[in-house]
Amino acid sequence: MKKPVAIILVVIVLLAAGVGGWLWYQSHQDKGLTLYGNVDIRTVNMSFRVGGRLASLNVDEGDAIKSGQTLGMLDKAPYENALLQAKAGVSVAQAQYDLMLAGYRDEEIAQAAAAVKQAQAAYDYAQNFYARQQGLWKSRTISANDLENARSSRDQAQATLKSAQDKLSQYHTGNRPQDIAQAKASLEQAQAQLAQAELDLHDTTLIAPSDGTLMTRAVEPGSMLSAGSTVLTLSLTRPVWVRAYIDEPYHGKVGFVSPTAEFTPKTVETPDLRTDLVYRLRIIVTDADDALRQGMPVTVKVNSGERHE
């Protein structure tokens with residue numbers, strides 16, 4: 001009879017050892033962390049970067065929106081006209097710059113040379129006439145006014161000759177570097193105005209920045225809009241973020257941990273942290289589906305792998 005009793009005692013000891021080992025193992029395992037929070041509500045207020053009359057809106061409240069989708073348009077006519085004007089301005093500035101670089105034609109140089117010869121002949125005549133008047137003045141044959149008029153005619157002819165010579169010299173050497181630089185700057189300014197006109201025309205189309213659901217349609221076609229005024233409000237569906245609160249930061253990879261402490265918001269249902277200071281964090285849901293809606297309360301369980309003492 002002693003042998004069965006010994007066997008039973010051994011079994012009991014083994015069972016006790018197994019239960020104790022299991023309890024010790026469970027006490028040293030990381031039971032994880034349960035957090036309470038909400039799915040973040042993230043919205044985008046969409047507007048045109050330019051102002052004008054709203055021509056059309058292609059979506060309504062509740063519609064599913066895809067990234068890159070055309071949502072609405074402004075009246076393009078004013079911006080198309082501005083683009084044509086900017087293109088014409090570039091053409092004019094380009095032609096002027098090309099003329100400055102090319103210099104003067106042979107015909108223009110020949111005309112300038114002929115003008116110099118004509119001015120030289122006029123000056124020679126005026127100079128000879130003035131010399132004769134000086135001789136007559138010495139013999140008191142003419143008056144002082146006659147001599148002064150001859151001198152004035154000579155000086156005027158000399159100035160005309162100098163101007164003609166300078167012009168011919170300019171034609172031979174081409175335009176001054178400063179004039180060429182000014183023409184180039186005018187061309188660059190016209191090109192910048194063209195680029196802005198093209199951008200303004202592009203901005204008359206409202207494009208969805210990302211996937212989402214249209215929450216608000218603030219205006220209707222025909223409305224006059226100023227640049228930056230809200231037209232549509234888009235609720236973003238991806239990525240899904242969960243906002244939760246903990247009493248202190250833990251080691252691990254989370255999307256965001258607030259640097260300041262705060263009291264738990266009333267919308268977070270948790271019995272233990274209601275009056276405690278907590279730190280807000282953001283958890284990025286990597287496998288979200290349509291079952292997760294913005295603003296719904298959620299429970300987050302954090303399971304770390306190995307506990308580090």
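All of these numbers come straight from a predicted model, not from anything done at the bench.
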V219 and L234: same hydrophobic cluster, using ILVMFWY side-chain contacts below 4.5 Å? yes
Using only atom types and a distance under 3.5 Å, with no angle test, would you say the side chain of S163 pairs donor to acceptor with the backbone of A159? no
I want to check something: taking the side chain as every heavy atom from C-beta on, are E80 and L84 in contact at a cut-off of under 4.5 Å? no
Ignoring hydrogens and geometry, is there a side-chain-to-backbone donor-acceptor pair from D75 to A55 under 3.5 Å? no
Could you measure the distance from the CD1 atom of I207 to the CZ atom of F48? Nearest 0.5 Å is fine. 9.0 Å
Taking Q156's backbone N and O only, do any of them form a donor-acceptor pair with T160's side chain (distance below 3.5 Å, no angle check)? yes
Rounded to the nearest 0.5 Å, how far does CD of Q120 lie from OH of Y123? 8.0 Å
Tell me if the CD atom of E188 is crowded by more than 12 foreign heavy atoms within 6.0 Å. yes
Side chain S153, main chain A150, donor-acceptor under 3.5 Å: no
Distance, nearest 0.5 Å, that separates CG of L57 from CZ of R217: 4.5 Å
Under the side chain to side chain contact (heavy atoms under 4.5 Å, CB included) test, residues paired with I180 that sit two or more places apart: Y97, M100, L101, N175
Salt bridge between D155 and R151, side-chain N to carboxylate O under 4.0 Å? no
K76, NZ atom: more than 12 neighbouring heavy atoms under 6.0 Å: yes
Exercise: do D146 and S143 side chains pair donor with acceptor under 3.5 Å: yes
Between the side chains of N81 and Q85, is a donor N or O closer than 3.5 angstrom to an acceptor N or O? no
